[in-house]
**Q** 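Have a look at this one before I ask anything.
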Protein chains: 2
Amino acid sequence: MDQILSNIKIQINDKLYVKDPETSTLGKKIIEESIILIDSIGFEDFTFKKLGEKIGSNESSIYRYFENKHKLLVYLSSWYWSWMEYRLVFATSNYSDSWEKLKKAISIVTEKVEDDQKTLHINESILNKIIIAEFTKTFHTKEVDQENKEGFYFIYKRVINRITTIINEVNPDYGFSKSLASNIVEGALHQHFLKDHMKTITDCNQDISPTHFYFDLIEKILKK
Amino acid sequence: MDQILSNIKIQINDKLYVKDPETSTLGKKIIEESIILIDSIGFEDFTFKKLGEKIGSNESSIYRYFENKHKLLVYLSSWYWSWMEYRLVFATSNYSDSWEKLKKAISIVTEKVEDDQKTLHINESILNKIIIAEFTKTFHTKEVDQENKEGFYFIYKRVINRITTIINEVNPDYGFSKSLASNIVEGALHQHFLKDHMKTITDCNQDISPTHFYFDLIEKILKK
DNA sequence: TCTTTTTTGAAAGTATTACTGTTATATTTG
DNA sequence: CAAATATAACAGTAATACTTTCAAAAAAGA
């Protein structure tokens, strides 16, 4: 598994970058340090100038990789969902029982993320924190329809569709498999946010994870 | 009911404004036109300068009401949830059957919003569109914990808590009433967004509303 | 109604952001 | 080693997100 994972290259829509950051040291440094900087100061205060200072590079050099910080965030999000999809496909491929497969899939997309040591320049645990705090900003824009057409959210939608398919396997009579899948993926991010910042409106905490909540939920909704 | 509604004044946390916009013509114009302008160009491109031009006022006059556009958005959101809460309390007060009460509550927070003619300067239908597209930005910031302490999200949380209480009435044995309530409120906004911008990952459309999806969901989760 | 207070508008000013363009230097590749 | 490419440094622009000052207009109070 390690071998296989270390060999995959996560494919990102090439409209998201000017120059592929995976092809150079500076590019990888931009990715690595932007994750840390966005997590640390938040996307609103994050600028290419600050990132340049942090990595000892000039602002204009970063612009040769990404048109603007929005596209960088969409790039990071695509990377995250692509990595998620890989784990999802890998972890669910060996199940014959669709219920167990669904539980595995749900746990993958709802659990807290640990750093994947196989990807050297990307800290998935911090990237997960960014996704929780900033992902909705990638599509809550006036350009969403245009960018959706250009495929900016393709991998994210494919993750949702994979879960939808498993839901349909578990219970073909259930009429809202797509909404349930999108609700769980988005809702889990939200529950993680609430447990850190608005504890009074969630049951999730150190002991009860969003995974618990959604396991219980799918059991009640889908099991006959 | 009209009488009662026309007499209530929606109370907003006074830390959200420098001067209460409800106390002057200009203030009300700022609220009225900011809703239209944010909906039309999106929150990112919205500036006090553009709003000033639109209402024939100077930028600096708007700064006398709101410190910055973030606080204006939190103000508009608070107004929205306060108005929601009012409708929620009013519509559910007469039910003796808690199941019917819950259904009524869910339909109020998940249905598409029509303009409330009783509030002259606020178009709730457009405000609802802003909430769908921009509300998560009010708390997805680095200042969320501080602003939460200052009560910026108090009314929103109270709406969630009211729904939580009704869920507990319906089924006291269900262990995730808070997460279910926060999931439904946030999830409904998300499903509305998806039906307009990412149709492939939702079952909601012109015929099937988010309300249908969540009615079915609570029935399966809470009914014994 | 007259005066005082408050509100608003106009304009100027500042620091920062979000870029673009140019040129020299450093690095890589063939 | 030469040519091509990548990067750094710097200058420059338009817009943003404010703040300040001052005068005019409007509202409130006596």
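Values below: all heavy atoms of this structure, side chains included; hydrogens, waters and symmetry mates excluded. The sequence lines fix the lettering, A, B, ..., with proteins before strands; numbering per chain opens at 1.
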**Q** In terms of the angle between their ring planes, are Phe193(A) and His140(B) parallel, tilted or perpendicular, with boundaries placed at 30° and 60°?
**A** perpendicular
**Q** Should Thr23(B) be listed as having a side-chain N or O under 4.0 Å from OP1 or OP2 of dT7(C)?
**A** no
**Q** Measure CZ/Phe43(B) against P/dT16(D) and give the value in whole Å, please.
**A** 14 Å
**Q** Please confirm whether Lys69(A) makes a cation-pi placement over Phe43(A), using NZ or CZ under 6.0 Å from the six-membered ring centre and within 45° of the ring normal.
**A** yes
**Q** Quick one: label Phe66(B) by what it contacts on the DNA or RNA (base, sugar-phosphate, nothing), any heavy atom closer than 4.0 Å.
**A** nothing
**Q** What class does the angle between the rings of Phe139(A) and His190(B) fall in, given that below 30° is parallel, 30 to 60° is tilted and above 60° is perpendicular?
**A** tilted
**Q** Counting only side-chain heavy atoms from C-beta out, which of dA18(C), dT7(D), dT16(D) sits nearest to Lys19(A)?
**A** dT7(D)
**Q** Rounding to an integer number of Å, can you tell me how far Asn68(A) CG sits from dA15(D) P?
**A** 17 Å
**Q** For residues Tyr65(B) and Ser24(B), is any side-chain donor paired with an opposing acceptor at under 3.5 Å?
**A** yes
**Q** What integer distance in Å separates Glu44(A):CD from dA18(C):P?
**A** 10 Å
**Q** Of the nucleotides dT7(D), dT19(D), dA18(C), which has the atom closest to the Ser61(A) side chain?
**A** dT7(D)
**Q** From dC19(C), dA8(D), dT19(D), pick the nucleotide closest to the side chain of Tyr63(B)?
**A** dT19(D)
**Q** Protein-nucleotides 21-25 of chain C N/O pairs closer than 3.5 Å?
**A**
none

**Q** Partners of Lys157(A) by side chain to side chain donor-acceptor pair (under 3.5 Å), sequence neighbours excluded?
**A** Asn148(A)
**Q** How is Gly56(B) classified with respect to the nucleic acid when contacts are heavy atoms under 4.0 Å: base, sugar-phosphate, or nothing?
**A** sugar-phosphate
**Q** Here's a test of your reading of the structure: between Glu59(B) and Leu26(B), which maps to the more 5' nucleotide of DNA chain C?
**A** Leu26(B)
**Q** Without decimals, in angstroms, what is the distance between Leu51(B) CG and dA17(D) C1'?
**A** 14 Å
**Q** Atom OH of Tyr65(B) to atom P of dT19(D): distance rounded to whole Å?
**A** 17 Å
**Q** Using a cut-off of 4.0 Å on non-hydrogen atoms, how would the nucleic acid contact of Gly27(B) be classed: base, sugar-phosphate, or nothing?
**A** nothing
**Q** Take the protein atom CD1 of Ile62(A) and the nucleotide atom P of dA6(D), then report the distance between them rounded to whole Å.
**A** 17 Å
**Q** Is there a side-chain contact between Ser57(A) and the phosphate of dA8(D), meaning an N or O under 4.0 Å from OP1 or OP2?
**A** yes
**Q** Taking Asp39(A) for the side chain and Ile126(A) for the main chain, is one N or O donor matched with an acceptor at less than 3.5 Å?
**A** no
**Q** Need one value for Phe48(A): base, sugar-phosphate or nothing, where a base atom within 4.0 Å counts as base even if backbone is also close, heavy atoms only.
**A** nothing
**Q** Using heavy atoms to find the nearest nucleotide of DNA chain D for Lys49(B) and Thr25(B) separately, return the residue whose nucleotide is more 5′.
**A** Lys49(B)
**Q** Gln191(A) and side-chain hydrogen bond (donor to acceptor under 3.5 Å, both in side chains): which single residue from Asp196(A), Thr211(A), Thr202(A) fits?
**A** Thr202(A)
**Q** For the residue pair Asn13(B) / Tyr153(B), report whether a side-chain donor-acceptor contact shorter than 3.5 Å exists.
**A** no
**Q** Could you state the atom-to-atom distance from NZ of Lys28(A) to P of dA6(D) in whole Å?
**A** 15 Å
**Q** For Lys29(A) and dT7(D), what is the distance between atoms NZ and P respectively, to the nearest whole Å?
**A** 11 Å
